[in-house]
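Proteins get letters first, then strands, A, B, ... in listed order; numbering begins at 1 in each.
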Amino acid sequence: MNPRGRYAVVGVGNTAYGKLAGRSAMSLSVEAVRNALADAGLRPADVDAVLTKAPTSNFTMLWSAQVAQAVGIVPQVTATLDQAGASNIGLVGYAMWCIETGQCHTAVIVYGDNPATGSRATYARPRGEGAAYGMFGVPPWYALIAQRHMHEYGTTSEQLGAVAVACRKHAAMNPGAQFQSPITLEDHHASRFVAEPLRLLDCCPISDGAAAIVVTSAERASGMRKPPVYVLGIGQGHPAWDVPYRSTLTTSGAATSGPMAFRMAGITPADVDVAQLYDCFTIVPIVTLEDYGFCAKGEGGAFVEQGRIALGGALPLNTSGGLLGETGMPGMQLIVEGVRQMRGECGGRQVPDARICVVSGQGGVMTTHATLVLGKEVP
Amino acid sequence: MNPRGRYAVVGVGNTAYGKLAGRSAMSLSVEAVRNALADAGLRPADVDAVLTKAPTSNFTMLWSAQVAQAVGIVPQVTATLDQAGASNIGLVGYAMWCIETGQCHTAVIVYGDNPATGSRATYARPRGEGAAYGMFGVPPWYALIAQRHMHEYGTTSEQLGAVAVACRKHAAMNPGAQFQSPITLEDHHASRFVAEPLRLLDCCPISDGAAAIVVTSAERASGMRKPPVYVLGIGQGHPAWDVPYRSTLTTSGAATSGPMAFRMAGITPADVDVAQLYDCFTIVPIVTLEDYGFCAKGEGGAFVEQGRIALGGALPLNTSGGLLGETGMPGMQLIVEGVRQMRGECGGRQVPDARICVVSGQGGVMTTHATLVLGKEVP
Amino acid sequence: MATDVTERPAPDVDEENAGYWDSLRRHELALQRCADCGRFWSPAGSFCRWCLSDRWSWERVSGRGTLYAFTVVHQVYHPAFREAAPYPAAVVELEEGPRLLATVDCAPRELRVGMALEVGYRDLPEGFTLLAFRPVTGGTR
Amino acid sequence: MATDVTERPAPDVDEENAGYWDSLRRHELALQRCADCGRFWSPAGSFCRWCLSDRWSWERVSGRGTLYAFTVVHQVYHPAFREAAPYPAAVVELEEGPRLLATVDCAPRELRVGMALEVGYRDLPEGFTLLAFRPVTGGTR
Ligand SMILES: [Zn+2]
Ligand SMILES: [Zn+2]
């Protein structure tokens, strides 16, 4: 069956982003749920599913049940899904399955964490073979991918920089973003190396914060407080293997995840008005644009140049600033921005007449990938 | 939509159970996958989804991706679902969703862990409010539930014992079970208290081992090596809140999960030939039988007496021995046994003419619950 | 901080529940109460369990309640409990509605679901205070 | 075992990969090879990565390979790497097929994808041995 247009996002909410000392992952999560429910015009009792990605810095069992308790919901459905940064989109799919088969009717999906001011142990685990060779956290692993992409396709550091510049430009137009100052290609070039070829400005920050969305059936969605934003397509594809052992480092799960979602939605990349592509590192949206078919393989570097992905360009990318500019949270903010763009709520950073938005999620070190196609209407 | 009969289990496999010193959770998981694929007559390349519940004793991120790598599968879909002991059934549902929407075609679902000989830290966490009051691990929490059930309904320790006796009887008929000796009600009564009213023989062991199943569409299933066992119904319901704060301790998620699955399957409890009900503690199947409607609320204790749940009784329960007798693994072995009963592969413990089997999964401290209805055919 | 293995494990005190554990230390059991819906809740959290309001304050409760559920733990899971075992652990339902994890100061055989209890405290050498309810003589609610 | 914070983190050696780390200690790089399908695999595991057979043995490999990917790490994530930074980390593809995580003994600016390498070892004071491949002069495969 094709679930195209049968489900909708009816509420989005988030907390402040950045360094939020003294706020627990749970407290942030509850605040995001509260805000998403208020946006949807719903009370906790109107929701019967609580779905989560577990906090990266506090990967505990039955997290979703704990969140359900904290928001006062006795859920029919609750689950934590681990596909790393692809989990949020994965959970949209899980909500659709549960609603489609009558297991629940309205789901809230939430992610919250406080790695900036809490424990960030998870982000630089000092153990194991990688650590013995000096590979800590994720940046050196993404550096291997970036380096291979440069080797295979001639991608340049300036092209990576173009992604950072666009995201920071958009963040500066978003009052809720963690970074309020734009940067130039020169700033990017002047920033120190973290792991060659990646510079500091190629890397997203580690941030505190939470965001949540409410998903229900298209029938229930009509007549709610805000206009529904429809799920037109969803897909996933996961290279899964650790970076050294993968058959290719430069083609990601987007190569199957994207076409799957586009096919379900009945669209091609040419139909996309605005994109929110996971950008934990600048190389990732470049690879994703190629794998989604916005350009030929290897031409992602050229694609992001000359303002093409900035507001006003052919494909505005990460209009809230993305991970690089809005906040380093692993992806829920991209869905939230996608919904706001479809509603036309984005003020100075609104893409005019935007009707279709693609959102990507990915996690690990391009280990997982998920794609979501959102629509202002069901075309 | 009603997915009744559209999906089937086509392979099951497991390792030895018990104390398996020197075997990692990963090594056990790979062995179970190998055995399940061999049972299905499939090679790794025939599978495009790898789904897991993370090992309880080693709750690491992206476990499913690690398993995919270890079995040499580059999956289209991979995910770890956390609904504690309800996850295995939850993953059957996730596989159905992914197949139904064309995201994958054949999934292997696997659970493996080595808490008996590896680290069992997770099983008796020495921190937090519970530990300060002497509530370690899970038995004292289940004791609260058992005690309330006795208070509200007059359930007796002898009735709890009847569950243990039946499971151990069946285990003794299963050459693969961890416990090969049957027990009597007197043995149960003579066993020491762990946490009143629960005695040692009310508690399942902590065990090493792994089990896996292969799920695909009914179309693909026909013509495979073994006859397909159909998924007729699936459901879930999760009390979610911590034991002290739950509105009731004596009604579980089975009260909504069961009817959901039975409705999807188009059956009533009277149609069930054999049941594999999660039995980490003897009180749990008693509550589950009530909540599923096999008897009135509060009459679960009487229901399990007088051989009714033993082989040859009205409703043979946990024919492989369950958690109490076969192995303490959190639930996958129950699905495996359900499939083997539907295939008629169980030799001396086979329920004659069994055509419908209900399997339950639950986790935390009756925090989650899932139900699976399996059928020899689609009635 | 090094811990003696015979020390009783401490509760995890954090931003959300510090007010609760502080109230036990003062022997003045307090819970969060919502300024919007008026309800108490437990365990602690930054937002009202019932309406998600962030307008609330710590408020002392009556300390009267009933025994909702109990167990008597025999197995020694931790050396700090070796001498105490078998010991009771309980869930107490307060007059105000919320339930709390607690111990009860009485012989295990005297424990009855529904028995009336009043709040008591046990100051531990480890530097924190636990709830130790006491039976109200002759009382059942 | 107490660890000095300036000690380099050790690999996790377990039942599956002990044969690999032992081979490095002996300076005789060995990988698992399947008796059924004949293929080598990495990282270590109890079953053949390609056919799931459990019939395999540790077998010494040629030690010849090429540089598949590399990075030069500048950020000091751990005090043990303070003096070494910036240091190279690499993925090496062996002639036999498998890829391995390794370091390369050469100046970072000499690293080129595809350069020919031969196996070398670095015995560390922490008590384990790492792979440190060496460029084969003039070689590119
Ligand atoms: Zn309130
Ligand atoms: Zn092989």
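- Other residues, nucleotides and ligands contribute more than 12 heavy atoms inside 6.0 Å of the CZ atom of Arg192(A).
- In this structure, no portion of Leu200(A) lies under 4.5 Å from any heavy atom of chain D.
- Considering every non-hydrogen atom in both Phe193(A) and His74(D), the closest pair reads O-CB, 3.3 Å.
- For the pair Val194(A)/Tyr77(D), a side-chain contact is recorded, criterion being any heavy-atom separation below 4.5 Å from C-beta on.
- Gln147(A) approaches Ala69(D) most closely through the heavy-atom pair OE1-CA, 3.6 Å.
- Few gaps surround NE2 on His27(D); more than 12 heavy atoms of other groups in view lie less than 6.0 Å from it.
- Contacts between residues 51-59 of chain D and chain A, defined by a heavy-atom separation under 4.5 Å, are made by no residue at all.
- Residue Trp41(D) does not touch chain A at all, counting heavy-atom pairs closer than 4.5 Å.
- Comparing Leu144(A), Leu198(A), Asp242(A) by heavy-atom pairs within less than 4.5 Å of chain D, the highest count is held by Leu144(A).
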Do Glu152(A) and Val113(D) pass the side-chain contact (heavy atoms from CB on, under 4.5 Å) test, and can you show the C-alpha distance, the side-chain angles, and the key distance before you say yes or no? CA-CA 9 Å; Glu152(A) 292 180 29; Val113(D) 167; over 6 Å; no
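- Heavy-atom pairs under 4.5 Å with chain A were tallied for Pro98(D), Ala89(D), Ala102(D); the largest tally goes to Ala102(D).
- By number of non-hydrogen pairs under 4.5 angstrom with chain A, the leading residue of Gln75(D), Arg112(D), Arg122(D) is Gln75(D).
- Taking all atoms of both residues into account, the shortest heavy-atom contact from Val243(A) to Arg99(D) is O-NH1, 4.3 Å.
- Counted within 6.0 Å of CD on Glu83(D), heavy atoms from surrounding residues, nucleotides or ligands total 12 or fewer; the atom is thus considered open.
- Closest heavy-atom contact between Phe136(A) and Pro9(D): CZ-CG, 3.8 Å.
- Among all heavy-atom pairs drawn from Tyr68(D) and Leu249(A), the shortest one is CE2-CG, 3.8 Å.
- The candidate with the highest count of non-hydrogen atom pairs below 4.5 Å against chain D, out of Ala143(A), Pro140(A), Ala146(A), is Pro140(A).
- Both the backbone and the side chain of Phe70(D) have a heavy atom closer than 4.5 Å to some heavy atom of chain A.
- The minimum heavy-atom distance between Tyr133(A) and Leu24(D), with the atom names listed, is OH-CD1, 4.4 Å.
- For the set Leu124(D), Leu130(D), Leu100(D), Val13(D), the entry with the most heavy-atom pairs within less than 4.5 Å of chain A is Leu130(D).
- With hydrogens and angles disregarded, a donor-acceptor distance shorter than 3.5 Å links the side chain of Tyr87(D) to the backbone of Gly134(A).
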